[in-house]
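See below for the structure under consideration.
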Amino acid sequence: MGATFVVVLREGFEAALLLGIVYAYLTKIGHPESYRYVTIGGALALGASILMGVGVSVASGPLADFGPDVIAVGVIFVAVALLTWHGWWMGRHARELRGEVQRRIDEAHAQQRLWMVGLIAFTGVFREGAETVLFLWGLLTQLEEASGWLALLGATAGLVGAAILGWVVFQGGRRLSIHGFFAATSVLLLFLAGGLVASGVGRLQGLGVLPAGDPLWDTSWLLNDHSIVGSLLAGLVGYRARPSALEVAGYLVYVVAAGTLFFPTLLRRRGASDLAERAANRHV
Amino acid sequence: MTCIRAVSARHWTLVMVVAVFGLMLTTGASAQDKPTEIPVTIENNRFSPAEIKVPAGKPFVLVVTNKDAKPEEFESKELRIEKVIPAGKTANIRVRALKPGSYPFFGEFNPKTAQGRIIAE
C-alpha cells in the first residue's frame, strides 16, 4: 500500500505543481475565467496518456521500442521550451506591474498567453501520464486479491496527495502579491526546467545519442535518488545523486541562460549590461 | 535598430545552447555493431536473472519479457533508462557500452522485490 502511494505521488507531483502554478497565474493576472484553458490542456493530456498507455500495450516491434523513448525526450524538451518562454514573459512584464497589486493584464496580451498556459498544463500532465495510467491499470487487474485493494487504496491516496500539493501551491500562490508570485514562480520554474534539461540530457545519454561518462560526483550516501525526498527534489530542482558531466553542464548552461531571460533586472543591477533593460523597455 | 540588436544579442545565448546540443548530438551518434541480446524475464515481481554479466565496453540489448499480469517499469538511475513493459509484452532495451562496474536496476512499480544489477567486466 505504501509502495503504490509513493509511486503515484512521485509521478503526480510535478503535474500537480505545474497545474497549481498556472491556475494561480491566471488568478494573479486577473483572468480566472480562463481556467478552462488549463483544464482543457490537462484533460487532453489525460486522454493522450490513456491513448499512449493503450498504444504501448498493443504495439510491438521497433516502434514500440523507440516510440515511447522518443516521445518522452520530446515532451521533456517541449516542456523546457514552454517554461522558458513563460518565465521570459513574466520577466518582461514584472516591471509593468509596479505599484499595482491586482492589475489586470490587458486582454490582448492575456489572450495570446492562454494557449501557452494550456500547453504547459498539457506537457505537465502528459509527461508522467502514460506511465501512471499503465500503473493504475495494472493495479485494477489485481483486484481479485485482497492486497490488490490495498494497493489501489495506496495509489488513490497518492493521487489525492499530489492533488493536495497542487492545491496548496495554488492557494499559496494566490495569496502572494503579484510581484511575489512572479518572482517565486520564476525561481521555481527556472530550477524545475533546469532539472528537466538534466533529465532530457540523461535520457539521451541512456539512449546512446549523447556520449555517457562517469558521474561527476556521488552524493547517494547523503541523499539517494531512490528515496522519496530525493525523487521529489529531482523533480523540483533537478537533484541527482550521481550526475554525469553533460547533465551538470546542461543544467548550469540552462539555469544561467534562462536566468538572464527570467530576471532581466539582475543584469541591470550588476551594471553588466543595460542591453536587456533596453530590450525589455522597447518590447513591452 | 537598438531593439533588433538587443533582442538578437539576448537570443544569441539560446542559439549557442542549441548549437552546443547539436554538436553533442552529432558526435554522440556513432555507428555501432550489432549488439548481443540478453534475455531477461519478469515474473512474480522479480527479475530473472537478477544479476546480468556483460563484457565491458560493448553495447548490448536487454530483451525483457514481462510474464506478470500487470505492467512493470524497468528503471536504472545509473543508466538513465526508464521503460514501461506492459503485461505479457517484450521490450528491447538498448544499453550503451559500459565501463567495468556494477549498475543496479529495479522495477519502479515493485521496487521492493524487483531488483537486479548489471555487472560489466
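Side chains included, hydrogens not; waters and symmetry mates left out as well; all remaining heavy atoms used. In what follows, every chain begins at residue 1, and chains take the letters A, B, ... in the order their sequences are listed.
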Within the structure provided, determine whether B/Glu75 and B/Ile81 are in side-chain contact (heavy-atom separation under 4.5 Å). no
Would you mind checking which part of A/Val7 comes under 4.5 Å of any heavy atom in chain B, side chain (CB onward), backbone (N, CA, C, O), both or neither? side chain
Any donor-acceptor N or O pair under 3.5 Å, side chains A/Ser199, A/Arg127: no
Measure A/Val54 against the heavy atoms of chain B and call it side chain, backbone, both or neither at under 4.5 Å. neither
In terms of heavy-atom proximity below 4.5 Å to chain B, should A/Ser57 be classed as side chain, backbone, both, or neither? both
Contact class of B/Ala69 relative to chain A, heavy atoms under 4.5 angstrom: both
Minimum-distance pair of heavy atoms, taken over all atoms of A/Gln205 and A/Ser244: OE1-OG, 2.6 Å
Give, as side chain, backbone, both or neither, the part of B/Glu73 having an atom under 4.5 angstrom from any heavy atom of chain A. side chain
Please state whether the side chain, the backbone, both or neither of A/Ala59 comes within less than 4.5 Å of a heavy atom of chain B. backbone
Given that the side chain runs from C-beta out, which part of A/Glu131 has a heavy atom under 4.5 Å from chain B: side chain, backbone, both or neither? both
Check A/Arg10 with B/Glu108, please: is the shortest side-chain N to carboxylate O separation under 4.0 Å? yes
Check whether any side-chain heavy atom of B/Lys53 sits under 4.5 Å from a side-chain heavy atom of B/Ile118, and report yes or no. no
Using the ring of each side chain (for Trp, its six-membered ring), is B/Phe47 parallel, tilted or perpendicular to B/Phe105, with breaks at 30° and 60°? perpendicular
